[in-house]
Amino acid sequence: MRTISLHDIFEARERISKVIHHTPILYSSTFSEMTGMRVYMKAENMQKTGSFKIRGASNRVFSLTPQEGAKGVLTASSGNHGQAVAYAARACGYKATIIMPEGGSPAKAASINGYGADLVFCGTTSDERLALAAKMRDEQGLVFVPPYDDPYVIAGQGTAGLEIVEDLDDVAAVLVPTGGCGLISGVATALKEKNPGISVFGVEPTGSNSTGLSFKAGRRVSLDRIDTVADGIRTSIPGELTFPIVQKYVDDMLLVSDDEILRAETLMLERCKLLTEPTGAVSLAAILFGKLPETFRGKKVVALISGGNVALPQLAGYISAK
Ligand SMILES: *Cc1c(COP(=O)(O)O)cnc(C)c1O
């Protein structure tokens, strides 16, 4: 199986730069005072479609031949990846089909519809949706765009890492929320290939820690129960392609509680006026609640704020609890 290089990430940037935002890196004096570190946030919650997922999805979709694209693209995620695939396909004039669970969120369905994609409702488990996706791929020739386990997707996510290392000098550590590990494997490749002195940490909720367990075990470990408010990273096992990259480049995996995630989300809104979804606050939570080693005192640390797609009534619940 093919892995990815810095060169692939540069190519990805060429391919997708017209469609994506080069997002800002924001400094917070409040969070710096709270922690004794110099705290920055890479604001991918301000990215097109509301999350970094457009980077990988557009790199995959823009790499298709016109013949492949004409058949249409397909994915089985109703969340940020589904929105990103819908957006990327529309940018090329390709048809997109997004498979959603029966009874999935009407807000997500509306937003995917808004990007002009077709919705197909199927079952309640991801296995059922993936089986339908495989069938549609085989029978109709649609191109499946995986959420993380794909070299183009990984390289696309890596462009966020390039922006960090190019925009900010003397970065000591970058913290990244991890689900299937597409984001962290791309970002860590960019950072370590540019500057091996930068430490890269993955962050997971205590109730969804498959990558941390796998990292310790030295092999991919699967969870049978997942329980976290961070709905963008409810993944039971790290990817086949992504996990070896995590093993190669990531310094350590950290854990945060749901309570810490929601407190970080609330603080970002209150102090920085940054609107994020719970998953987007996971990396900052690790900085604010003392999960980084003491050696980073006085140093520049960057939390990758991965997404901002949250329904406002839900947000009200998250922040009023804090
Ligand atoms: C998908 C997603 C992640 C995790 O990305 P992986 O590539 O699956 O590790 C983190 N945050 C948000 C907001 C996401 O949508």
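Order of listing sets the numbers, starting from 1, for every ligand and every atom in it.
Residue contacts with ligand 1, taken as heavy atom pairs separated by less than 4.0 Å, do not involve Q157 at all.
Ligand 1 has T178 within reach: a non-hydrogen atom of the residue lies less than 4.0 Å from it. Using 4.0 Å as the threshold, C181 has a heavy atom nearer than that to some atom of ligand 1.
Centroid-to-centroid, the aromatic rings of F296 and F201 come within less than 6.0 Å.
The protein heavy atom nearest to atom 4 (C) of ligand 1 is I233 CG2, 3.4 Å. Among all non-hydrogen protein atoms, the one lying nearest atom 8 (O) of ligand 1 is G180 N, 2.9 Å. Closest to atom 14 (C) of ligand 1, if we only count protein heavy atoms, is K53 NZ, 3.0 Å.
Grouping the Ile, Leu, Val, Met, Phe, Trp and Tyr side chains by contacts below 4.5 angstrom, directly or via other members, places Y115 apart from F52.
Between T189 and Y249, the shortest heavy-atom distance links the atoms OG1-CE1, 3.5 Å.
Heavy-atom contacts of G232 reach the following atoms of ligand 1: 1 (C), 2 (C), 3 (C) (cutoff under 4.0 Å). Within the listing of ligand 1, atoms 6 (P), 7 (O), 9 (O) sit less than 4.0 angstrom from a heavy atom of G182. Taking a cut-off of under 4.0 Å to the non-hydrogen atoms of G307, the atoms of ligand 1 that pass are 13 (C). Atom numbering of ligand 1 starts at 1 in the shown order; those under 4.0 Å from a heavy atom of N80 are 13 (C), 14 (C), 15 (O).
In this model, a donor atom of one side chain and an acceptor atom of the other lie less than 3.5 Å apart for Q83 and S111. Side-chain contact annotation: T159 with R55, donor-acceptor N/O pair under 3.5 Å present.
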